[in-house]
Amino acid sequence: MIISLSNPHSPFLLLFFFFFFTILTLHSLTVTSATCHVDDETGLLGFKSSITADPSGILSSWKPGSDCCTWSGITCLVSKRVTSLYLMGQSNKPNSFLSGPISPSLSKLKFLDGLYLRNLRNISGPFPDFLFGLPEFKYIYIDNNKLSGRIPGSIGNLTRLYSLSLSDNQFSGPIPSSISQLTGLTQLNLGGNRLTGPIPNGIQKLKNLTLFSLDRNQLSGSIPDFSDPSRSSEFSGSRTTNLPGNSRHRFPLWRQNCSTSSSPKPVSTVKFPNFSGISRPSTR
Ligand SMILES: *[C@@H]1O[C@H](CO)[C@@H](O)[C@H](O)[C@H]1NC(C)=O
Ligand SMILES: *[C@@H]1O[C@H](CO)[C@@H](O)[C@H](O)[C@H]1NC(C)=O
Ligand SMILES: *[C@@H]1O[C@H](CO)[C@@H](O)[C@H](O)[C@H]1NC(C)=O
Ligand SMILES: *[C@@H]1O[C@H](CO)[C@@H](O)[C@H](O)[C@H]1NC(C)=O
Ligand SMILES: *[C@@H]1O[C@H](CO)[C@@H](O)[C@H](O)[C@H]1NC(C)=O
């Protein structure tokens with residue numbers, strides 16, 4: 001459209017278009033800031049509806065029709081898509097827990113890349129398989145709950161994972177060898193479960209690991225040696241320390257920046273970084 005300044009009506013036309021576009025813009029801003037994406041809201045409400053007990057009201061702000069980006073534990077991108085779900089039970093409050101399984105409806109959250117269900121004590125059921133439909137997933141912290149069953153072999157498909165913590169659950173069976181495909185892992189904590197069998201040798205390939213804990217399980221075999229400085233050549237040059245005792249032997253297992261600490265601390269005393277709220281694990 002061409003508006004000629006010589007046209008005596010053009011100031012009115014300009015004014016008209018100015019108001020028209022202002023109203024359009026305001027309208028679209030209001031619409032996008034009123035609610036989060038409908039799929040995200042539906043997925044989160046599905047998660048909430050599978051929770052059978054929430055005595056301290058951890059999910060009390062999760063109300064249909066309100067902007068799910070403002071619900072407790074939710075982080076959104078600017079585009080109003082949910083990227084992380086962070087719920088943590090308070091240790092000093094006995095009723096700060098959630099019961100029930102992790103609903104697969106979370107698979108509707110197509111931009112979700114972090115799931116933090118920490119110290120909720122009574123989240124149960126198997127490993128949340130819906131994560132395999134979100135191949136870009138980066139952070140899994142489902143610790144101090146009651147998840148059970150095996151850690152699926154498909155865990156190796158989540159090749160973008162930075163952190164995997166399933167500590168203090170009731171997982172049983174072996175550690176899948178596919179875990180060695182998670183080459184971007186910086187933290188791996190499977191401590192405090194009922195895992196059995198050997199530690200997959202390929203774990204030595206995870207060069208970016210800074211925190212590694214398998215303590216308080218019933219693993220057997222040898223401890224992978226991370227301290228070898230020539231560790232770049234995968235299996236070659238690896239030394240293994242034989243575990244004393246038999247497959248029922250319980251042992252601490254650690255790796256906390258071996259190159260700088262001459263006496264490594266057992267991992268059970270190493271704390272996770274404080275990821276409270278919405279901050280991301282810092283990249284090194
Ligand atoms: C924990 O979860 C289980 C299974 O969902 C349920 O039977 C049990 O009552 C829950 N415990 C509490 C304290 O809510
Ligand atoms: C994992 O990847 C393999 C190979 O691409 C595929 O066959 C399998 O279905 C995947 N598993 C899941 C649970 O997506
Ligand atoms: C390991 O960390 C380095 C430095 O942060 C990074 O450049 C590299 O891509 C990481 N490796 C993998 C496989 O993610
Ligand atoms: C160990 O820590 C030092 C100093 O904090 C750092 O420069 C180095 O990159 C770390 N090494 C590993 C393998 O994390
Ligand atoms: C984590 O950091 C927040 C803010 O810095 C603080 O309020 C909270 O007490 C910390 N939590 C733990 C477990 O250290």
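For the numbers below, each heavy atom of this structure counts, side chains included, while hydrogens, waters and symmetry mates do not. Just follow the structure's listing: the first ligand is 1, and inside any ligand the first atom is 1. Residue numbers start at 1 and run along the sequence shown.
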For this session: Hey, could you give me each pair passing ring pair (Phe, Tyr, Trp, His ring centres under 6.0 Å) that has a residue in residues 181-203? Not counting sequence neighbours.
Result: none
Exercise. Applying ring pair (Phe, Tyr, Trp, His ring centres under 6.0 Å), which residue pairs with at least one partner in residues 48-75 are found, sequence neighbours left out?
Worked result: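 For residues 48-75, and leaving out neighbouring residues, the ring pair (Phe, Tyr, Trp, His ring centres under 6.0 Å) pairs sorted by first residue read F47-W62, W62-W71.
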Exercise. Would one find an N or O of N122, backbone or side chain, under 3.5 Å from an N or O of ligand 1?
Worked result: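 The answer is yes, given that N122 and ligand 1 share an N or O pair closer than 3.5 Å.
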Problem set entry | Ring geometry between F127 and F171 (parallel below 30°, tilted from 30 to 60°, perpendicular above 60°) |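 Ring orientation of F171 relative to F127: tilted.
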For this session: Find all atoms of ligand 3 within a distance of less than 4.0 Å from any non-hydrogen atom belonging to T183, and give their numbers and elements.
Result: 12 (C), 13 (C)
Seminar exercise, completed: The side-chain contact (heavy atoms from CB on, under 4.5 Å) partner of L98 among T52, L120, L117 is L120
Problem set entry | NZ/NE/NH1/NH2 to OD/OE distance under 4.0 Å, D54 and K48 | no
For this session: Can you run down the side chain to side chain donor-acceptor pair (under 3.5 Å) pairs that involve residues 96-112, sequence neighbours left out, and say none if there aren't any?
Result: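 Qualifying pairs: S99-N122, S103-S105.
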For this session: Tell me the residues surrounding ligand 2, counting only those with a heavy atom closer than 4.0 angstrom, sorted by chain and number.
Result: F132, S154, N157
Exercise. Do L44 and I74 have side-chain heavy atoms sitting under 4.5 Å apart?
Worked result: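 Yes, side chains in contact.
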